[in-house]
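This report concerns only the one structure given below.
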Amino acid sequence: MPELPEVETIKRDLEKIILGKKITEVCVHHPAVIRQPDVAKFKQYLQGAKIKNILRKAKVLVLELSNGKSLVIHLKMTGQLVYPGDAKKSRVSFYLDDGKILDFNDQRLFAELRVLDDWRSLKFIQNLGPEPFDLPLAQFKEMLAPKKTKIKALLMEQGFVSGIGNLYAAEVLFKSGIHPERPANSLSDKEKETLLKAIKDILNQAIKHGGSSIDDYVRLSGERGDYVRYHRVYGRQGQPCLACKTPVKRIALGGRGTYFCPRCQK
DNA sequence: AATGGGACCTGCGCGC
DNA sequence: TGCGCGCAGGTCCCAT
């Protein structure tokens, strides 16, 4: 569930709270989430290291450490970082030199934790398309031109643009008045412009409100993200469109729940 | 090349 | 009450 705005929110929360702190001990309660290297080395590389820098690439968090290595975290769907934690239902607990715990939770065990020498060389990172905020309109138009794929599927492709998932894809298409099944190359120049603006606007607004707490996502403090209040279509099937009162429709697109207004989105 | 489906997992809410 | 089932969606992988 965490998409760009949620991960960015966590990143900013982490910067305020744990930047500069030292990891004194790592307790791995569920080894499945440790993807690289093995658990013993994972712990060894982290223990005693200071958190020197925190960054986000698409939906991935990177904690650069004083020993030159990096802790790379992909929360996937149900991953959470919580501080201060109590190590009760966490998959991994990071004990910090302030005497408190940074807990990593993940109900469904999809998340991926790695310690790497060079996070930039991770294949997933290498394959990422541009971040929407760094994307000029001319380039966006060029990128869409040869694509026949349904626009919503394309927006969610991390190699195309990075950071957008199912929820924000639905919201930006509603705001743009574009039907999720439109072939990407059928969008007019005007629509492409509207769409890129909607992407930037909505992601920015969502960051401003600390992201969207739908299922598991919470901020570092455990607080919920407030952007749910501003959702127009996501999760609202059968309810009246906030613009025209037509019931919001839900279809399956690429196996994903897709919400849209059949009247406002053409 | 693009699309669809399954796999990875678990907990929740639903209908019976 | 309790069971089985579908569903939730980020990403990879495979088949068509």
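Here is the naming used below: chain letters follow the sequence lines, and residue numbers restart at 1 for every chain. Quick caveat: nothing in here was measured; it's all calculated off a predicted structure. Atom set for the values below is all heavy atoms of this structure, side chains included, hydrogens, waters and symmetry mates excluded.
Within the 4.5 Å cutoff, side-chain heavy atoms of A/C261 are placed close to those of A/F174.
If you run side-chain hydrogen bond (donor to acceptor under 3.5 Å, both in side chains) between A/N105 and each of A/R91, A/Q80, A/K88, only A/Q80 comes through.
C/dT11 atom P lies 17 Å from atom CG of A/L109, rounded to whole Å. In this structure, A/L167 places its CG atom 13 Å from P of C/dA8, rounding to the nearest Å. Nucleotide C/dG10 holds its P atom 16 Å from the CD atom of A/Q80, rounded to whole Å. Atom CD1 in A/I251 sits about 13 Å away from atom P in C/dG9, given to the nearest Å. Atoms CG (A/L154) and C1' (C/dG10) sit 16 Å apart, rounded to a whole Å. We find that CG of A/D106 is positioned 13 Å from P of C/dT11, with the value rounded to whole Å. Rounded to whole Å, atom C1' of C/dC12 lies 9 Å from atom CD of A/E112. Straight-line distance from the CG atom of A/L128 to the P atom of C/dG10: 14 Å, rounded to whole Å.
Of the P atoms belonging to B/dG5 and C/dC7, the separation is 13 Å, rounded to the nearest Å. For the P atoms, the distance from B/dG13 to C/dG9 is 16 Å, rounded to whole Å. If you take atom C1' in C/dC3 and the same atom in B/dC8, they sit 24 Å apart, rounded to whole Å. C/dG6 and B/dG6: their P atoms are spaced 12 Å apart (whole Å).
Read 5' to 3', the first and last nucleotides of DNA chain B with an atom closer than 4.0 Å to a heavy atom of chain A are B/dT3 to B/dG11.
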Worked check of side-chain hydrogen bond (donor to acceptor under 3.5 Å, both in side chains) between A/R114 and A/Q36: CA-CA 5 Å; A/R114 293 184 167 79; A/Q36 212 182 331; 2.9 Å; yes
A/H231 vs A/R229, side chain to side chain contact (heavy atoms under 4.5 Å, CB included): CA-CA, chis, key distance, verdict: CA-CA 6 Å; A/H231 292 176; A/R229 289 201 282 137; over 6 Å; no
Worked verdict on A/K152 versus A/N166 for side-chain hydrogen bond (donor to acceptor under 3.5 Å, both in side chains): CA-CA 8 Å; A/K152 179 180 173 249; A/N166 199 39; 2.5 Å; yes
Check against salt bridge (charged side-chain N to carboxylate O under 4.0 Å, His left out), A/K21 and A/D98: CA-CA 7 Å; A/K21 288 180 181 167; A/D98 60 3; 3.0 Å; yes
Residue pair A/F124, A/H74: steps toward the ring pair (Phe, Tyr, Trp, His ring centres under 6.0 Å) verdict: CA-CA 10 Å; A/F124 179 78; A/H74 197 316; 5.5 Å; yes
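A/H74 has no side-chain polar atom (N or O) that falls below the 4.0 Å cut-off from OP1 or OP2 of C/dG10. At C/dT11, none of the side-chain N or O atoms of A/R256 fall inside 4.0 Å of OP1 or OP2 (strictly under the cut-off). Taking only side-chain nitrogens and oxygens, A/K123 never comes nearer than 4.0 Å to OP1 or OP2 of C/dT11.
If A/Q107 and A/G254 are placed on DNA chain B by their nearest nucleotide, the residue sitting closer to the 5' end is A/G254.
Residue A/E3 is in sugar-phosphate contact alone, with no base atom involved, counting any heavy-atom pair closer than 4.0 Å across all strands shown.
C/dT16 is paired with B/dA2 under the criterion used here, namely a Watson-Crick or G-U wobble arrangement in which both key atom distances are under 3.5 Å. Nucleotide B/dT10 is matched to C/dA8 when pairs are restricted to Watson-Crick or G-U wobble geometry with both distances under 3.5 angstrom.
Between A/Y227 and A/Y230, the ring-plane angle classifies as parallel under the 30° and 60° cut-offs.
Residue A/R250 places its side chain closer to C/dC7 than to any other of C/dC7, C/dC12, C/dG10. Relative to the side chain of A/Y259, the nucleotides C/dG10, C/dA8, C/dT11 differ in distance, and C/dA8 lies closest.
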